[in-house]
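Read through the structure below, which is laid out as structure tokens, and then see the notes.
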Amino acid sequence: MMKRVLSFAKRFLMPHFRWLLITFITGLITAAASGLAVPFMVKYVFPVVFYNGEGAQPLLMQYVPAFREMEHATLLLLACASMPLVFAIRGVAMWANHVVVNILGLRILESLRTTVFHHVQQLPIAYLEGQTKGDLVSRIVADSSNVQHVLSHVANDLVKQPITCVCAFSASMYLLFSTGSPEMAIALLFIGLAAWPIVSFGKRIAQRAKNAQSELGELNTVVQQNLETQREIRAYALEEREIADFASASVGYKRNMAKLVKYQRLIIPIMETVTALALSFLLISGKNSGMGEEDFMALALAMFFTFDSMKKAGQAFNRLNEAQGSLTRLEDILAEPNPIEDPENPLPMPAKVKGELDFRNLTFAYDAGKPVLKDINVHIPAGQIVGLVGPSGAGKTTFASLIPRFYDATQGSVCVDGIDVRDVTMHDLREQLSIVGQQALLFSGTIRENIALGKPGATDAQIQAAADAARVSVFLDNQPQGIDTQLGQGGSGLSGGQRQRVAIARAFVKDAPLLILDEATASLDAESEREIQQELDQLAQGRTTLIVAHRFSTLRHAHRILVFEHGRIVGDGPHETLYATCPLYKELFDRQGAV
Ligand code: ADP
């Protein structure tokens, strides 16, 4: 736990060192005002107030000659004014401490969230595909919020309470020795007893908190999936099953939170009882040792502050345990290695490559499993349109995914214009490439914004030209605000074909020399497919294009076709040659009976 907290502190707290220092100083002032000033007021200032000129002079007057010569009324005024003064100083310091700690908490949350989100952007696609999205959302949003919430509540106490404890403890010791009753120090042994529940419950609290946060992640997952698949749920009448899944995650969350509260809330009564025990012990031994009232009151207050600050520090420590669950869940993401990184000294890439592709002695396996691509050697000249065909699972999509470095070759290499894709930055590499997938992924925003994503800073004329080329303009007439029509999440409000056109327009505006069409029309009906095919053919002109084909009709303009089977290329050539020489190709082609 300590190691984690320390590494967290180094990474996320140290950049805010100045703010931390202010927190510490204001905490110190608050702590000294409570732990030292209050008991000393009772011991030294109160006797001045109640001194009526008879008997021994109060200590303060004995020590400070100036007070002895002062008029009684002035002294009284001074003594009485010192109380609000101490509390005013304490109040200002406490206010500043709270404000700074909260700002600090928000800053830490911001950098924590951003760091995790940034890391997620770089993690391998395979890792992200293996995670449930609801849980990831929960980690990035809810867990980081939990850490911030806890931090802003406890950071005050983590600084202030231990200092108060040390101050009040020193005051107690001083009072004990100055009143000549050191044997009463035994009362402080109760501190050990008071520390026990903090340590003993700490681990359980951390575990419960972690469990509760994963249940929350599970809840998020259920809700997210449920909302994304409402059509299927209703069509297959899966509502009951969904409700049961939700209820089970919800019950799990409730159970863990209930246990958490139980442990959390048990600490305070235990510690308070121990404090009361210590004070009553003090009372008895104080009475026996013949201690004066103000000495006793001062000592009791000092001891009370020692215990009270310890209780609060303990509570803060346990809240920290609660945050530890969330921290672990965030750190698990941060600890996930990113095997695909930019090279240390990247080679420069031309602003626009010619588009020549080379796959050399290439073997690829997902996660050290069986190779899904084996001994691939292919040269694709710039501008060639290449169809990839083969049975499902033969490796076509994987083959295309190696060009933008969604994955890296296990052996061998992939080169663009003779440059290994691992020798340039991913940013430079991906600038050279457009992908149109099976499902057009649109973001919430206007149609214009969605097209402009292809080329940040594109002019209106370029966007319009791309919209025309992809024939987005055809359906814009029916949209209320034309190209500025707002789309919902995932492009809702447009038909599948229309969405695909927006994605094609995005590729047109990007105007990249490499193009991957990955079953771009597979989810469309025959009529939409026919319509969109024209735009795709036009988009492919002059670019090195890989078409992962699901229907042969999409390969009309292909110069060359690669036939994949079990991760190997078993046919390579134009349609006529393959039809005559490659039995698998002939079989696949005949089965569709189309061109
Ligand atoms: P195709 O595009 O020809 O249908 P793929 O390239 O999608 O084939 O898949 C090739 C093989 O790799 C399949 O056996 C598939 O199960 C496996 N595969 C695809 N994606 C992953 C992944 N992310 N993790 C592990 N295995 C995968």
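Just the heavy atoms: all of them, side chains too, but no hydrogens, waters or symmetry mates, feed the values below. Remember, it's 1-based here, ligands and their atoms both numbered in the order they're listed. Predicted model, so just to flag it, every value in this text is computed and none were measured.
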State the CG-CG distance between L578 and D572, to the nearest 0.5 angstrom. 7.0 Å

Separation between CE (M426) and CZ (R405), nearest 0.5 Å, reads 5.0 Å

Enter the distance from K352:NZ to D417:CG here, rounded to the nearest 0.5 Å. 12.5 Å

Taking non-hydrogen atoms within less than 4.0 Å of ligand 1, which protein residues qualify? E129, Y366, V372, P391, S392, G393, A394, G395, K396, T397, T398, Y407

Taking the inter-plane angle between the rings of F589 and Y585 on a 0 to 90° scale, is it parallel (under 30°), tilted (30 to 60°) or perpendicular (over 60°)? parallel

Using distance alone, with no hydrogens and no angle criterion, decide if Q131 and D135 have a side-chain donor and acceptor under 3.5 Å apart. no

Taken to the nearest 0.5 Å, the spacing of L402 CG from T398 OG1 works out to 7.0 Å

